[in-house]
Amino acid sequence: QVQLVESGGGLVQAGGSLRLSCAASGRTFSSYAMGWFRQAPGKEREFVAAIRWSGGSTSYADSVKGRFTISRDNARNTVYLQMNSLKPEDTAVYYCAAGGGYNHPKPRDYLYWGQGTQVTVSS
């Protein structure tokens, strides 16, 4: 079992930055990739970024490539999403998830999800 808790969301002006954190508890092992997904009201949940739990390989959605960076801490039980040059189109609830793949995964590839944290970017 894996439990995930996101933090760090908030309100920011366009061009600003936020850092999201996701703390994992329970049983974890190297086969679990970690990912960030987002969902705007009335829209489907979409992939943002993912990282292999062991090894550090990453992937990003085209819409955030060059602006967002996913990373993990030394204990490999917390993942981060550094978001720079934020745009109003980035406004959504951001979810941390644990699953099997890191190479541009779909939401259906992940079994464990956090409750989400709201990110709002004003014009």
Side-chain angles (χ1 to χ4, degrees):
Q1 299 82 13
V2 177
Q3 293 187 332
L4 307 170
V5 179
E6 304 97 333
S7 62
L11 175 65
V12 65
Q13 291 184 330
S17 298
L18 285 173
R19 175 174 286 185
L20 306 183
S21 299
C22 174
S25 62
R27 192 180 189 91
T28 60
F29 55 94
S30 62
S31 63
Y32 281 159
M34 300 294 296
W36 289 96
F37 299 78
R38 66 188 183 187
Q39 187 167 23
K43 304 291 183 64
E44 293 187 354
R45 193 166 299 185
E46 65 177 1
F47 164 72
V48 176
I51 186 168
R52 188 152 67 136
W53 195 251
S54 177
S57 298
T58 61
S59 67
Y60 297 92
D62 289 344
S63 60
V64 307
K65 185 172 57 179
R67 300 188 297 121
F68 292 9
T69 302
I70 188 170
S71 62
R72 63 182 186 268
D73 71 359
N74 291 334
R76 297 184 293 179
N77 64 357
T78 302
V79 298
Y80 304 92
L81 186 68
Q82 178 66 47
M83 304 185 294
N84 298 327
S85 302
L86 282 162
K87 305 174 180 179
E89 307 92 269
D90 296 317
T91 295
V93 176
Y94 282 70
Y95 296 90
C96 178
Y102 68 89
N103 187 13
H104 298 83
K106 293 185 175 296
R108 65 174 63 93
D109 298 326
Y110 282 68
L111 292 176
Y112 302 102
W113 294 84
Q115 290 296 107
T117 185
Q118 177 71 46
V119 172
T120 302
V121 184
S122 62
S123 301

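Scope of the values below: all heavy atoms of this structure, side chains included, with no hydrogens, waters or symmetry mates. The residues of the chain are indexed from 1 along the displayed sequence.
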Geometric class of the Y94/F68 ring pair [parallel <30°, tilted 30-60°, perpendicular >60°]: tilted
For Q115 versus Y95, what's the shortest heavy-atom pair and its separation? O-CE2, 3.5 Å
T120: partners by side chain to side chain donor-acceptor pair (under 3.5 Å), with sequence neighbours left out: Q118
Not counting sequence neighbours, which residues clear side chain to side chain contact (heavy atoms under 4.5 Å, CB included) with V12? List them please. L18, L86, V121
Can you list the residues that meet the salt bridge (charged side-chain N to carboxylate O under 4.0 Å, His left out) rule with R67, with sequence neighbours excluded? D90
Taking all heavy atoms of S17 and all of S85, pick out the closest pair and write down the distance. OG-N, 4.4 Å
Linked, directly or transitively: L20 and V93 (ILVMFWY side chains, under 4.5 Å): no
Would you compute the distance between atom CZ of R72 and atom OG1 of T58 and round it to the nearest 0.5 angstrom? 10.0 Å
Between atom CG of L4 and atom CG of N77, what is the distance when rounded to the nearest 0.5 Å? 11.0 Å
Compare every heavy atom of A49 with every heavy atom of Y60, then report the nearest pair and how far apart it is. CD2-CB, 3.6 Å
Do the ring planes of Y32 and Y112 sit parallel (below 30°), tilted (30 to 60°) or perpendicular (above 60°)? perpendicular
Examine L111 and V79 and state if one hydrophobic cluster contains both, with Ile, Leu, Val, Met, Phe, Trp and Tyr joined whenever side-chain heavy atoms are less than 4.5 Å apart. yes
How far apart are the closest heavy atoms of Y102 and S57, and which atoms are they? CE1-CB, 3.4 Å
Going by heavy atoms in the side chains, are R45 and Y110 under 4.5 Å from each other? no
Side-chain donor or acceptor of E6 paired with backbone N/O of G116 under 3.5 Å: yes
Do S59 and F47 make a side-chain contact, defined as non-hydrogen atoms from C-beta onward lying under 4.5 Å apart? yes
To the nearest 0.5 angstrom, please state how far the CD atom of Q82 sits from the CD1 atom of I70. 12.0 Å
Over 12 foreign heavy atoms within 6.0 Å of CD, Q3: no
Hydrophobic clustering (ILVMFWY, side-chain heavy atoms < 4.5 Å, transitive) - are M83 and M34 grouped together? yes
Any side-chain heavy-atom pair from T69 and Y80 closer than 4.5 angstrom? no
Side-chain contact, heavy-atom cut-off 4.5 Å: W36 with C96? yes
Specify the closest pair of heavy atoms between A98 and V2, including all atoms of both residues, with the distance to one decimal. CB-CG1, 4.4 Å
Is there a chain of hydrophobic side chains (I, L, V, M, F, W, Y, each step under 4.5 Å between heavy atoms) that links I51 to L81? yes
